[in-house]
Amino acid sequence: MSLKLFNTLSRSVQEFTPLDPTGKAVGMYCCGPTVYDFAHIGNWRTFVFGDLVRRYLEFKGYTVTHVMNITDVEDKIIKRVRETKTSLKDFTAQYETEFTEDLKTLNCRLPHHTPRATDFMSDIIALIEKLIQRGIAYKASDGSVYFSIDKYRGCGCTYGQLVKLNFDEMRVGERVKSDDYAKETAADFALWKARVPEDGDVFWPSPWGEGRPGWHIECSAMSMKILGPSFDLHLGGEDLMFPHHEDEIAQSEGAGLQSNGRRFVKHWMHGAHLLVEGKKMSKSAGNFFTLRDLLDKGFTGREVRYLLLTAHYRETFNFTLDGLQGARTSLARLDECLGKLREIAGQQTAEATNSPLVQQFTETLDDDLNISGAWGVVFEWVRETNRRIAENSLKPADAAAALAAWEKIDAVLGVGAKTETEVPPEIQALADARTAAKKARDFKRADAIRDELKSKGWAIEDTPKGPKLKKI
Ligand SMILES: [Zn+2]
């Protein structure tokens with residue numbers, strides 16, 4: 001079965017085939033965080049989407065090299081370094097650490113490479129030099145180096161591959177120094193920004209004088225350095241399509257390092273926006289959440305991950321606290337089913353061979369990562385499994401096979417199964433005392449212990465395999 005993915009370059013769903021002649025290795029670059037604050041839930045939607053892509057490729061048997069850059073020098077960072085009177089390194093290191101922690105909380109597989117822009121300064125400078133040599137970049141009177149859109153287009157290259165641009169409205173030769181700008185103001189953008197007093201200590205030497213790189217060139221330099229001038233997949237949020245990704249293409253293809261008619265990136269994927277409680281997320285609207293905010297409200301990383309993974313990546317998703325409650329309920333249904341399967345399976349183990357669950361799950365995700373369809377398959381399986389458990393038609397070997405199939409697909413979903421809550425020793429001692437009392441036919445004492453357990457937050461259930469403790 002072949003995997004089909006939407007490619008922003010062609011604006012169509014295409015079969016995914018890697019550049020690697022053996023068809024095994026996949027190079028994947030995801031634009032990572034700008035480490036000046038905690039990542040918010042909108043950012044997390046993109047990163048969890050990236051994790052789904054990686055996990056699914058690995059599930060399909062590809063060997064993925066996953067690169068996620070850390071933007072640790074950029075306009076917003078410099079502003080915050082100035083405001084907080086810290087050093088660039090101290091300031092960015094704390095948010096980079098927190099970001100990795102959050103990735104783990106959301107059970108995202110850690111990227112194989114997390115290059116920091118400040119560690120790749122010579123590669124960034126070399127790429128700008130290449131663009132100057134080719135006549136596509138030029139030094140302006142303020143000492144900054146700009147990318148010339150006019151010269152780039154003059155070489156037969158297309159500026160506006162991911163988005164449609166109206167060149168009649170653009171004034172040739174105008175420049176934009178800020179890293180962020182709208183499509184309507186598209187102009188020659190900064191590759192190297194000459195040092196200004198506001199930059200403080202944040203500057204590097206270069207052939208054009210002291211300064212620092214623009215944001216867009218950082219990603220071109222680091223992705224090509226690690227994955228080569230042409231690679232398979234580039235991911236990001238749809239807000240990065242313009243100008244960031246468009247500029248990445250222009251810089252990388254403008255440098256002319258690709259061979260055999262290859263592109264810089266074969267396949268571009270973009271995750272859609274996230275609304276929170278039906279509105280665009282903003283601090284003033286009170287609907288701005290970091291992952292930490294949600295954990296403080298008592299939700300778990302697992303619940304947040306599940307909710308972020310319920311909608312198709314190209315659909316705008318409305319993230320709500322009610323939705324998180326719903327995630328909790330759905331996961332509890334799943335956990336209950338898996339718990340029963342474990343009980344029936346006992347010590348029995350099995351392989352996930354010819355499992356209809358795995359087969360349907362794969363067919364669904366092969367279709368441009370139809371994750372909502374995949375959850376539909378999972379919950380239909382839960383319903384059917386519960387039905388078979390209720391009618392006692394599930395043998396230990398069947399239960400073990402079902403668990404093996406679940407584990408196989410959970411390698412993609414990454415929501416795991418909540419492991420049994422650990423029982424504290426004093427609670428276990430009470431449960432043992434109750435069993436002893438029952439054996440001695442002292443039912444009064446057994447009931448008293450049951451009440452005591454209840455007051456301590458534990459329910460005891462007598463099952464054919466003996467008493468079972470459950471947290472209330
Ligand atoms: Zn980027």
Side-chain angles (χ1 to χ4, degrees), residues 41 44 101-102 104-107 289-310 319-347 375 378-379 381-383 385-387 389-390 392 394 396 399-400 402-403 406-407 410 413-472:
I41 199 67
W44 285 116
E101 277 309 307
D102 287 356
K104 290 182 193 159
T105 304
L106 289 169
N107 199 21
F289 296 124
T290 64
L291 178 61
R292 313 291 169 111
D293 295 333
L294 298 170
L295 300 181
D296 286 347
K297 288 183 189 297
F299 295 106
T300 63
R302 181 177 181 239
E303 287 159 355
V304 176
R305 177 182 175 91
Y306 172 84
L307 185 58
L308 289 175
L309 279 180
T310 49
F319 187 95
T320 63
L321 295 180
D322 279 351
L324 272 177
Q325 290 290 354
R328 181 168 289 177
T329 310
S330 301
L331 286 168
R333 260 181 76 203
L334 185 62
D335 288 342
E336 200 187 346
C337 176
L338 294 170
K340 284 189 218 152
L341 283 175
R342 283 199 192 93
E343 223 167 82
I344 298 169
Q347 299 303 310
W375 282 115
V378 169
F379 282 102
W381 172 80
V382 168
R383 212 174 59 87
T385 306
N386 283 338
R387 193 186 61 76
I389 292 170
N392 270 328
L394 216 62
L403 283 171
W406 161 255
E407 261 149 42
D410 189 47
L413 299 170
V415 294
K418 205 165 76 181
T419 43
E420 294 289 313
T421 321
E422 241 174 70
V423 179
E426 68 274 16
I427 299 295
Q428 189 58 53
L430 277 173
D432 293 345
R434 177 176 166 272
T435 309
K438 275 181 78 180
K439 236 181 190 166
R441 305 191 67 78
D442 185 352
F443 297 113
K444 213 172 150 194
R445 177 155 163 71
D447 287 348
I449 296 174
R450 177 195 284 268
D451 292 343
E452 194 183 344
L453 280 166
K454 199 173 167 194
S455 72
K456 291 183 189 299
W458 291 83
I460 193 154
E461 220 176 86
D462 291 307
T463 74
K465 287 184 180 170
K468 231 180 106 185
L469 282 161
K470 237 178 159 179
K471 196 121 177 70
I472 303 168

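Here the straight-line distance linking atom CG of Leu295 with atom CG of Leu291 works out to 4.5 Å at 0.5 Å rounding. Note: Leu307 CG to Thr320 OG1 = 6.5 Å, rounded to the nearest 0.5 Å. With rounding to the nearest 0.5 Å, the separation of CG in Leu331 from OG1 in Thr300 is 7.0 Å. Note that OG1 of Thr385 and NZ of Lys340 are 10.0 Å apart. Values are rounded to the nearest 0.5 Å. Of the inter-residue distances, the one linking Lys468 atom NZ with Glu343 atom CD reads 4.0 Å to the nearest 0.5 angstrom. To the nearest 0.5 Å, atoms CG (Leu106) and CG (Leu308) are separated by 7.0 Å.
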Can you list, pair by pair, the side-chain donor-acceptor contacts under 3.5 Å of residues 432-443, counting residues two or more places apart and other chains?
unit_1	atom_1	unit_2	atom_2	d
Asp432	OD1	Gln428	NE2	3.1
Arg434	NH1	Asp462	OD1	3.4
Arg434	NH2	Asp462	OD2	2.8
Thr435	OG1	Ala431	O	2.9
Lys438	NZ	Asp462	OD2	3.2
Asp442	OD1	Arg445	N	3.2

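Closest approach of Trp381 and Leu338 over heavy atoms only: CH2-CD2, 4.1 Å. A pairwise comparison of heavy atoms in Asp335 and Arg302 identifies OD1-NH2, 2.7 Å as the closest pair. What you find for Ala399 and Leu341 is that their closest heavy atoms are CB-O, 3.5 Å.
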Query - Full working for side-chain contact (heavy atoms from CB on, under 4.5 Å) between Trp44 and Val304 - result: CA-CA 9 Å; Trp44 285 116; Val304 176; 5.9 Å; no
Requested in this report: Please assess Arg342 against Leu403 for the test side-chain contact (heavy atoms from CB on, under 4.5 Å), listing each intermediate value before the final yes or no.
Outcome: CA-CA 8 Å; Arg342 283 199 192 93; Leu403 283 171; 3.8 Å; yes
**Report entry** Residues Leu413, Trp406; criterion side-chain contact (heavy atoms from CB on, under 4.5 Å); working and verdict
**Finding:** CA-CA 10 Å; Leu413 299 170; Trp406 161 255; 4.0 Å; yes
Requested in this report: Kindly indicate, with the supporting measurements, whether the criterion side-chain contact (heavy atoms from CB on, under 4.5 Å) is fulfilled by Leu453 and Ile427.
Outcome: CA-CA 7 Å; Leu453 280 166; Ile427 299 295; 3.6 Å; yes
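Within a 6.0 Å radius of CZ in Arg383, no more than 12 heavy atoms belonging to other residues, nucleotides or ligands are found.
Of the possible donor and acceptor atoms, one in the side chain of Trp375 sits under 3.5 Å from a partner among the backbone N and O of Leu309.
In this view, Thr290 and Asp293 satisfy the side chain to side chain donor-acceptor pair (under 3.5 Å) rule, not counting sequence neighbours. Listed by chain and number, the residues in a salt bridge (Lys or Arg N to Asp or Glu O under 4.0 Å) with Arg328 are Glu303 (sequence neighbours excluded). By the ring-ring contact (aromatic ring centres under 6.0 Å, His included) test, Phe319 is found to be paired with no residue, residues two or more places apart in sequence or in another chain being considered. Evaluation of the side chain to side chain contact (heavy atoms under 4.5 Å, CB included) rule for Leu321 yields Glu277, Phe289, Leu294, Lys297, Phe299, Leu324 as partners, not counting sequence neighbours. Taking the side chain to side chain donor-acceptor pair (under 3.5 Å) definition, one finds that Asp102 meets it with Arg292, sequence neighbours left out.
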